[in-house]
Structure formats: C-alpha cells, structure tokens
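Shown next, in structure tokens, is the structure this report addresses.
These figures come from a predicted structure and were not determined experimentally.
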Amino acid sequence: MDSQGRRHSGSGSPGRSGDIDPADQWVLDPETGTYEFRPTPDSLSSPEAPPRTSRRRPSGGGVPRQAGSPEGRRRARNGGDSPAPGGRATRRAGQGGGPGGDGGRAGGAGRRRPKGKSKGKKALHWTAGTLGFLLVAGCTGGYFVYQHFNGNINSYKADLGDDRPSAGADGAMNILMIGTDSRKGLGKKYGDEGSAGHADTTFLFHVSKDRTNATAVSIPRDLMVPIPECRTEDKSRTIPGQAKGMFNTSLGQDERGPDCTWKTVEALTGIRVDHFMMVDFNAVKTMSTAVGGVEVCLAKDIRDRDSKLNLSAGKHTIKGEQALSFVRTRHSVGLGGDLTRIPLQQQFLSSMIRKVKSNGTLSSPTKLWDLADAATKSLTVDSGIGSVKKLMSLGQDLGEVNTKNITFATVPVADDPADKNRLVLKEKEARQLFAMVKADHSLTKVGKKGKKAGPAPTETTKAAPANVRVKVVNGSGKVGAAQVTVSWLQNSQGVIRSSNGLNAPATARKTNLVYAPNQGDQARALAEIMGLPDSALKEKGPDAAPLDEMTLTLGQDFEGAGVPLTAPTAAPSDLQSVNADDKNVCAK
C-alpha cells in the first residue's frame with residue numbers, strides 16, 4: 001500500500017496483473033498475420049477482461065485462414081515465424097510488432113501499412129487537457145492490457161452532501177485536477193517528508209458540451225477561501241468548516257480528503273464538479289520521462305536552490321527530476337510567489353499535451369506503455385470513473401477537443417490586505433470568469449453547435465422601474481428566494497409594484513419571465529434589471545389588463561438577488577491565460 005492506500009500488483013498476489021506480462025497474452029497467428037488476445041486462466045477470472053480480438057490483418061490476397069482454426073493454433077503453439085520462450089509467438093509492447101504498434105515488419109516483410117490513421121492514432125484519438133487528462137490519455141492506449149492498468153488505479157468514494165451548485169450546460173463536463181505535495185515514501189529530498197499532502201496545484205478543467213473547446217482554471221494554493229464542513233478521508237469523523245482558510249489546506253489538513261477540496265471548489269466558484277483526479281509528485285517525473293521529455297522555454301537563466309532547478313535561458317527538453325523541479329520552482333521567477341509558479345505549470349502541461357499527441361508518441365508502443373503505466377500508477381479518481389474502462393470512455397469522449405482551443409487561465413486574485421503572503425479573490429473579475437465557465441462560454445474564438453437563444457421582445461423601449469408590475473414566484477428550491485428578490489427589487493431597483501407570489505407548483509430548472517404582448521416595455525426593463533437572457537423571456541397572449549402583473553419564476557439557476565443570469569461572453573481584460581497550442585511561451 002502506498003501513501004494514498006493504493007494497491008500495487010506484485011509477484012506475491014496470485015491472479016493479479018503483476019504476475020503476468022500482459023504483452024505475452026497477445027499471440028501471433030503466422031498463418032493469418034493476426035494477433036489474438038489469449039489470456040491466461042488467471043486473467044480470465046476478471047469480470048471485465050477484454051474479449052479475444054484480432055489486432056492485425058494481412059494485406060495479401062486470398063482468403064485468410066481463421067485465427068482460431070486448429071491449424072492456426074497449432075502453428076502459433078509451434079512458434080510460427082517468431083518463436084518466443086515456451087513456443088509462443090509473442091511480441092512485447094514496445095518492440096514494434098505487437099498490437100497497436102507500427103512495426104509489423106518482422107512477421108512479413110512485404111506487409112504494407114494501411115492508408116489513413118495509424119493504428120496508434122486510431123486507438124488513441126483523444127485530447128489531454130491537463131495532467132489529469134494526460135492520465136486519461138495514457139489509459140486509452142492500453143486497452144489490450146486492461147487488467148494491468150486497472151490494478152494500478154486507486155478509486156475513492158467522495159462524500160459531497162446535497163448542498164451543491166446547480167448543473168451548468170447540458171453535456172458539458174467539469175473535472176477537478178488536484179496535484180498534491182505529499183512527500184510520503186520519497187525521503188527528505190523534497191522537504192517536509194511528513195506532509196499529509198495538500199492541494200498544491202489545482203485546476204478546474206471545463207470541457208464544452210459540443211467538445212469544441214476546454215478551459216483549465218488554475219486556483220492558487222495561497223488563496224484564502226471558506227472551507228465547508230467535511231468528513232475525514234476515512235469518513236470516521238466530521239471536520240468543522242472554516243470561514244477563511246488557505247485553499248491548499250482543503251486537502252490533507254486535519255485528515256481532509258479530496259472530496260473536501262471538491263466541495264471547496266464548488267462553494268468558491270458556484271460550478272458543479274462532475275469528477276476529480278488526483279496525482280502526486282511522481283506523476284510529473286514518470287510521465288515526462290515516459291514521453292521522452294517535455295520542451296520548455298526560459299526567458300532568463302534560472303538558478304533556484306530550493307527547487308534545485310538550474311537552466312540557462314532558451315529552450316530545453318526536461319524530464320524526471322528536472323521536470324519536477326521546473327513545475328515546483330518559484331523563487332527565481334517573477335515575484336517569487338505561487339502566482340509566478342502557475343504560468344510555468346501551465347506552460348509545462350501545454351507542452352506535454354502537444355508531446356503526447358505528437359506522432360513520435362502515438363506511434364511508439366514503448367512510449368504508450370510507459371505513459372499509461374506511469375499515469376495509472378499515479379492516479380486517484382472518484383468512484384464514478386474508477387476503472388480503465390470508464391477512463392477510456394471519458395478520454396475518447398473528450399477526443400474532439402483541439403489543442404488550439406484549450407486555454408489555461410488563473411483565477412483573478414489580489415494580495416490579502418490582512419497578510420501579504422496570502423491572496424483573495426478579485427470578486428468582480430473572478431465571478432465574471434466563473435459565470436463564463438458555468439455558462440459554457442469559451443475563452444477561445446470557437447463556433448458553437450448549441451441551440452440559438454430565444455427571441456427577445458422586438459421593440460426597444462423600456463418602462464420606468466416604478467411602472468413594472470411583476471409577481472415573483474419561487475421555483476428555485478431555495479427557501480425565501482421570492483421574498484428576497486422582491487425586497488431587492490423594491491428597495492434597490494425602484495420596482496415598487498413587485499409582489500411575492502410564493503412557491504411555484506413545481507421546481508423550475510431555468511428562471512423565466514412570462515409577459516403579455518402589450519407588456520413588452522416592462523419585460524425589457526425587468527430583464528435588464530435582473531440580467532435575464534433572451535431565452536428566459538416568454539411572450540403569451542392576449543394583451544394584459546392595465547393592472548395585470550407579469551410572472552417571474554425563479555429557477556434552479558437563480559443564485560441570489562442581484563446576481564445576473566446572463567453570463568458574460570468576454571473574459572476579464574487582465575486575465576492571466578495561455579493557449580495550449582502556443583509554442584512560444586517562455587518563463588520570465
């Protein structure tokens with residue numbers, strides 16, 4: 001067991017993937033030139049073991065003999081064209097001739113590569129957005145060794161409670177990526193070896209519902225935030241909430257688990273999170289090594305005695321310990337704080353995404369094996385995606401996102417007046433960013449495939465607030481929302497002819513305003529005051545009598561009186577961000 005309770009396969013566990021070389025379960029039928037999955041009896045005991053599947057077809061003419069025929073099995077047992085120990089014709093992943101590789105020449109010199117995408121690309125048609133999505137990517141490449149990788153993953157059952165934000169756009173996905181600073185098992189070389197592992201590097205990764213774009217929002221570790229009441233990681237006791245605590249203590253401190261960080265992010269952003277992925281220091285070291293190194297750029301020499309990074313200005317390809325030093329360094333760049341470290345991490349992850357998607361990685365069985373193995377060994381996920389099969393499905397679903405449409409951004413923050421070493425939100429700018437993410441608005445210029453908004457009232461005149469007559473009905477599920485809204489309208493906005501219509505007959509998913517054709521000027525005025533989108537306005541005939549009220553029904557998207565329901569379409573002007581496809585970013 002490691003520091004996160006992860007089980008490792010080993011020679012002392014019968015029936016586990018560690019006892020079997022998964023590559024040896026793929027057998028070449030020399031009669032057909034086809035690889036078959038022939039699991040050992042132990043591996044067949046897995047309820048999710050993959051079916052026997054042909055992996056390669058011959059390119060010559062004629063009708064090939066069936067891979068499962070007696071003659072085919074006899075020749076394979078006798079060693080065929082490529083004998084292996086024990087008489088089996090096998091090839092290990094990474095030697096060029098195995099399933100998913102691009103070799104295939106040793107088994108047939110005249111075999112031609114089929115046109116179109118290589119097998120590696122077909123098997124790995126996905127896009128990674130942050131370190132967590134690189135982990136997903138690694139898993140998708142390893143289907144034929146399902147048991148091996150599945151045994152690496154640590155699954156965690158999150159305890160989130162019922163008080164959570166409403167869902168955003170249908171089909172969009174929000175994944176919380178947590179990089180911990182746990183030193184357990186790593187000795188004294190990284191500092192506090194007794195650290196429980198705090199939320200050292202955190203991204204909220206949003207993938208659009210039409211899969212055209214993604215946004216990764218960095219949350220600084222030094223940000224002061226409310227931390228909700230949580231259960232300990234082992235669920236044995238409850239930890240009281242804090243009105244104000246440093247964000248990174250939402251994990252590890254007082255035995256808080258990753259679900260506490262999950263709840264903290266939801267409370268901070270108002271965005272509902274679907275899944276989480278958590279990795280430790282080793283992930284950066286092993287994954288950067290697995291892909292053969294990651295290219296980074298420095299605008300100046302860096303000599304950091306704390307992180308042990310020693311690099312000259314210019315471009316470098318880094319891996320292993322050097323890669324870990326790069327993402328940890330902060331004292332020799334910018335102002336020396338966490339905010340100057342975040343752009344380095346964004347640069348590193350963007351570069352790794354490009355490297356993982358490159359032909360040199362996709363076409364190399366060795367790199368794919370190493371990447372998937374390193375990724376899954378470093379990974380803890382929530383139980384909703386706690387298997388290779390589920391991670392594969394998630395990775396393939398996200399495969400449509402182009403790297404040029406992935407944007408890394410940092411939550412807008414300012415120095416905490418109470419402590420110069422801590423940060424607080426820039427409320428207006430941060431809420432603008434969070435509203436964009438929740439509404440599925442991209443930070444890149446990408447066309448949307450979604451439905452068009454509903455029509456707005458066609459005229460442009462607006463009634464004076466004092467002449468707006470509206471009944472507010474509560475369909476939000478939030479107690480007292482109608483009265484709070486009426487009080488705000490009357491006391492702050494001058495809508496003195498508003499009234500409390502009490503509770504709606506049923507919960508409404510979206511806020512809407514129903515008005516008569518001759519109340520268009522009132523509807524336009526109220527829509528502007530409330531920040532209602534055009535799609536929330538519903539005109540219904542016939543014309544209303546002079547004293548008739550419009551009906552405003554508050555839905556589950558209602559966040560509070562005065563909080564606009566129309567999300568901004570532009571990011572804050574001073575937002576720190578970088579595009580994952582930008583190869584010219586250099587750390588300053």
Salt-bridge present (Asp259, Lys235; N to O < 4.0 Å): yes
Candidates Ser577, Ser350, Pro343 - the one meeting side chain to side chain contact (heavy atoms under 4.5 Å, CB included) with Phe408: Ser350
query: Regarding Asp304 and Thr329, is there a side-chain donor-to-acceptor distance under 3.5 Å anywhere?
result: yes
message: Over 60° means perpendicular and under 30° means parallel, so tell me whether Phe276 and Tyr156 are parallel, tilted or perpendicular.
response: perpendicular
query: Is any side-chain heavy atom of Ser387 less than 4.5 Å from a side-chain heavy atom of Ile153?
result: no
- request: Verify whether one side chain among Asp200 and Asn248 offers a donor that lies under 3.5 Å from an acceptor in the other.
  value: no
task: First locate atom OG1 of Thr202, then atom CD of Gln345, and finally report the distance between them rounded to the nearest 0.5 Å.
output: 9.5 Å
- line: Separation between CG (Asp382) and OG (Ser155), nearest 0.5 Å, reads 7.0 Å
statement: Interatomic distance, CG@Leu251 vs OG1@Thr264, rounded to 0.5 Å, equals 9.5 Å
- prompt: What side chain to side chain donor-acceptor pair (under 3.5 Å) pairs are there with at least one residue in residues 412-425, not counting sequence neighbours?
  reply: Lys244-Asp416
task: With rounding to the nearest 0.5 Å, note down the distance linking CG in Leu433 to OG1 in Thr215.
output: 8.0 Å
- request: Drop me the distance from Thr380's OG1 to Asn154's CG, to the nearest 0.5 angstrom.
  value: 4.0 Å
query: Do Lys308 and Arg303 touch side chain to side chain, with heavy atoms closer than 4.5 Å?
result: no
query: Between Asp582 and Lys404, is the closest basic N to carboxylate O distance under 4.0 Å?
result: no
message: Does atom CZ (Arg237) have a neighbourhood of more than 12 heavy atoms from anything else shown, all under 6.0 Å?
response: yes
statement: Residues Gly293 and Lys319: closest non-hydrogen pair is CA-CB, 3.8 Å
query: Just checking, is any N or O donor in the side chain of His198 or Gln253 under 3.5 Å from an acceptor N or O on the other one?
result: yes
- line: OG of Ser288 to CD of Glu321, rounded to nearest 0.5 Å, is 9.5 Å
- prompt: Between Asp440 and His206, does any side-chain donor sit less than 3.5 Å from a side-chain acceptor?
  reply: yes
task: Could you tell me which residues satisfy side-chain contact (heavy atoms from CB on, under 4.5 Å) with Ser218, sequence neighbours excluded, listed by chain and number?
output: Phe203, Ile342, Gln346, Thr410
field: Any side-chain heavy-atom pair of Asn310 and Ile302 under 4.5 Å
entry: no
message: For Lys300, is the NZ atom crowded, meaning more than 12 foreign heavy atoms sit under 6.0 Å from it?
response: yes
- request: Report yes if some heavy atom in the side chain of Lys315 is under 4.5 Å from a heavy atom in the side chain of Leu298; otherwise report no.
  value: no
- request: Specify the closest pair of heavy atoms between Arg211 and Met173, including all atoms of both residues, with the distance to one decimal.
  value: NH2-CE, 3.3 Å
